[in-house]
Amino acid sequence: MFHNRWVRRLAIGFGIAVVAAIALLIYHRYATFATGEEQLAAVVAELDASDPRWRYADLDLARGHLPDDENSALLVPKFTAALAASKLEATRANGQLVVFDGPPNRWLDDGAYAAIDRALDRNGAALAVARSFRDRPRGLRHLNVSPDFVGTLMPHLQDMRQIFTALDLESERLAHDGRPGAALQLVIAMIHAARSTDGEPTLISAFVRLAGDEMTVRRIERLLALGEPKGGLGEVQSVLALEAESDLFWYALRGERAGVDLLFRNLETGNLPVGRYLEALDIADPAGSRRRVRRPELVEAVIYAPHLPGDHARYLEVLTQACEVARRPDHEQSAALAAVLDEPVDPDHRFTRLLSGAAFGKLHTASLRGKAGLRCAVVGLALERCRLRDGRWPNSLADVPRDILADIPLDPFDGKPLKYTRRGDGVTVYSVGADGRNDGGRVIDGPDAKAPGTDVGFRLYDPKARGLPAARPPVEAADGQVEPGPEPREVERD
């Protein structure tokens, strides 16, 4: 009897403890959810007051309308439809791609130019469309945004890379054919093609545009290293100066904030399955992918549900703080952005942890590098104009007349004017680059061009150092030994 009473008491006590634990868990979930909703309401109210048009629909509406006959974005599908194959590339007889990773003042070998001819000759219709970007400096494309935003399809971005390649190859061919002026005009088409993504509120759009800008800068450097185009330098300089000051990264970051807000709203309203997206986060997040226990989607959703509004609020807070960094001078932004992104995030705020990570900092650095390259190219074109007028390079950037270069652009990495140095075969205008160290204008080609210990720069060559013959490519003999290749062909040029 006594034993039975204690068993009943223990059972009752255990039951009370279980009920209390369940009640506490329910209360904790409710309190977490309610606190998150309060935080979200406060963050949204503050955003509405400081930036009333921050939502995606408002951002897209503010982009307005552009007549079809002025809209360069409409040329992209026309170019793609005109391609002879799915990919435009110059391939040598041995299957290797033609790449421009050598000294910019040396011509390619005959095999490379034959490959360029083959690629362009069978894509004449597409090339004609690519050239027409020259007359359309503006583009507007309203994206068909998916409910989760991150899954929005943007095939036009891959098509953009093809357009850059086509114009780059055609510019090389025109220069090789003794038409440097016509080749220089194509770089305006390259910039306008990059600008066809103008205002697209995604980071990937911004960085495809930056890739086009970088290719354009390298193309101009190469054209001036191979010959002496005498016309159109001022026009190209003006186009580059405008592009150099475009708002790319920060506008795109603001768009990312608005787009991911759409994702959160659709998760909160049940339009998107929370569990499925949490599983996708685990796959994308290295920390999550190492987790040993994989829970069913429904279990994941139930566990995470009370944290959703707080996660939403924290994401908007982080991205808003990041966007405010844009108010600072270029050279102060990297450290300020890192301070925002390095703030610890609650482990339960799983979307914020992944979607506002340190990758933003790397992308921002790339945008500064792009701005530095464009500014260096602007100054480089001004220096070339001075040399053509005076017969020599200026002694310093301060000696460049104001009618050719109104002001010396600032280096976005250190906030000081761009640097200028004399080399044995020409001059270089440069930025210190992401490492913040002045390496004396050390600009190199190939895969190590962005490594620490290098600068971001634009090289100009003395006339006698321009258009040097191609380096003799090695030829593999039948026995496997490498022998020197044939001497390159000399080409007459005006």
Side-chain angles (χ1 to χ4, degrees), residues 14-48 54-57 145-152 202 253-323 340-360:
F14 180 75
I16 293 173
V18 170
V19 171
I22 292 174
L24 183 62
L25 176 62
I26 293 173
Y27 174 78
H28 177 71
R29 286 174 61 84
Y30 170 78
T32 299
F33 185 83
T35 301
E37 284 205 314
E38 290 177 3
Q39 292 172 340
L40 179 59
V43 171
V44 169
E46 185 176 342
L47 260 175
D48 287 340
W54 68 274
R55 291 175 175 81
Y56 190 90
V145 180
S146 65
D148 64 354
F149 181 69
V150 295
T152 299
T202 70
L253 191 68
R254 190 165 172 248
E256 292 283 329
R257 178 183 65 184
V260 176
D261 174 68
L262 284 178
L263 166 61
F264 273 112
R265 295 294 178 190
N266 283 313
L267 290 172
E268 290 160 353
T269 58
N271 291 334
L272 293 175
V274 174
R276 187 178 305 169
Y277 281 88
L278 289 171
E279 184 178 21
L281 282 182
D282 275 348
I283 294 172
D285 183 3
S289 65
R290 289 195 297 267
R291 197 176 63 202
R292 294 181 181 178
V293 179
R294 291 287 178 188
R295 294 187 286 256
E297 288 183 10
L298 180 59
V299 175
E300 287 279 16
V302 170
I303 294 173
Y304 171 75
H307 303 287
L308 180 55
D311 197 354
H312 188 175
R314 183 57 182 150
Y315 178 84
L316 292 179
E317 281 183 330
V318 172
L319 266 289
T320 298
Q321 292 169 7
C323 288
V340 171
L341 299 177
D342 289 346
E343 281 288 320
V345 176
D346 189 322
D348 291 320
H349 294 165
R350 292 165 64 179
F351 284 91
T352 300
R353 282 179 54 228
L354 183 65
L355 298 178
S356 64
F360 282 163

Separation of [Y] [atom2] from [X] [atom1] (nearest 0.5 Å):
X    : Y    : atom1 : atom2 : value
T32  : E37  : OG1   : CD    : 12.0 Å
L355 : R350 : CG    : CZ    : 12.0 Å
Q321 : S356 : CD    : OG    : 10.0 Å
L272 : Y277 : CG    : OH    : 4.5 Å
L40  : T35  : CG    : OG1   : 12.5 Å

What I'd like to find out is whether the side chain of [X] reaches to under 4.5 Å of the side chain of [Y], using heavy atoms alone.
X    : Y    : value
N271 : P147 : no
R257 : L47  : yes
F360 : V340 : no

Quiz item: Can V260 and L319 be said to form a side chain to side chain contact (heavy atoms under 4.5 Å, CB included), step by step?
Solution: CA-CA 10 Å; V260 176; L319 266 289; over 6 Å; no

Testing the basics here: between [X] and [Y], what is the closest heavy-atom pair and its distance to 0.1 Å?
X    : Y    : result
G151 : S146 : C-OG, 3.4 Å
Q39  : G310 : OE1-CA, 4.0 Å
A305 : P309 : O-CD, 3.9 Å

Self-check item: Inter- and intrachain pairs under side-chain hydrogen bond (donor to acceptor under 3.5 Å, both in side chains), touching residues 308-318, at least two apart
Solution: D261-H312, E268-H312, Y304-D311, D311-T352, R314-E317

Practice problem: Return the set of residues passing side chain to side chain donor-acceptor pair (under 3.5 Å) with D348 (not counting sequence neighbours), or none when no residue passes. | Solution: none

Exercise. Return the set of residues passing side chain to side chain donor-acceptor pair (under 3.5 Å) with D48 (not counting sequence neighbours), or none when no residue passes.
Key: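 In terms of side chain to side chain donor-acceptor pair (under 3.5 Å), with neighbours along the sequence ignored, D48 is linked to W54, R55.
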
Exercise. Apply side chain to side chain contact (heavy atoms under 4.5 Å, CB included) to the pair F351 and L278, showing each step before the final yes or no.
Key: CA-CA 8 Å; F351 284 91; L278 289 171; 3.8 Å; yes

Self-check item: Counterpart residues, side chain to side chain contact (heavy atoms under 4.5 Å, CB included), relative to T202 (two or more places apart)
Solution: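 For T202, the residues satisfying side chain to side chain contact (heavy atoms under 4.5 Å, CB included) (neighbours in sequence not counted) are L143, F149, M154, I204, S205, E256.
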
Exercise. Report the residues that fulfil side chain to side chain contact (heavy atoms under 4.5 Å, CB included) with L262, sequence neighbours left out, ordered by chain and then residue number.
Key: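 Checked L262 against side chain to side chain contact (heavy atoms under 4.5 Å, CB included); matches are Y56, V145.
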
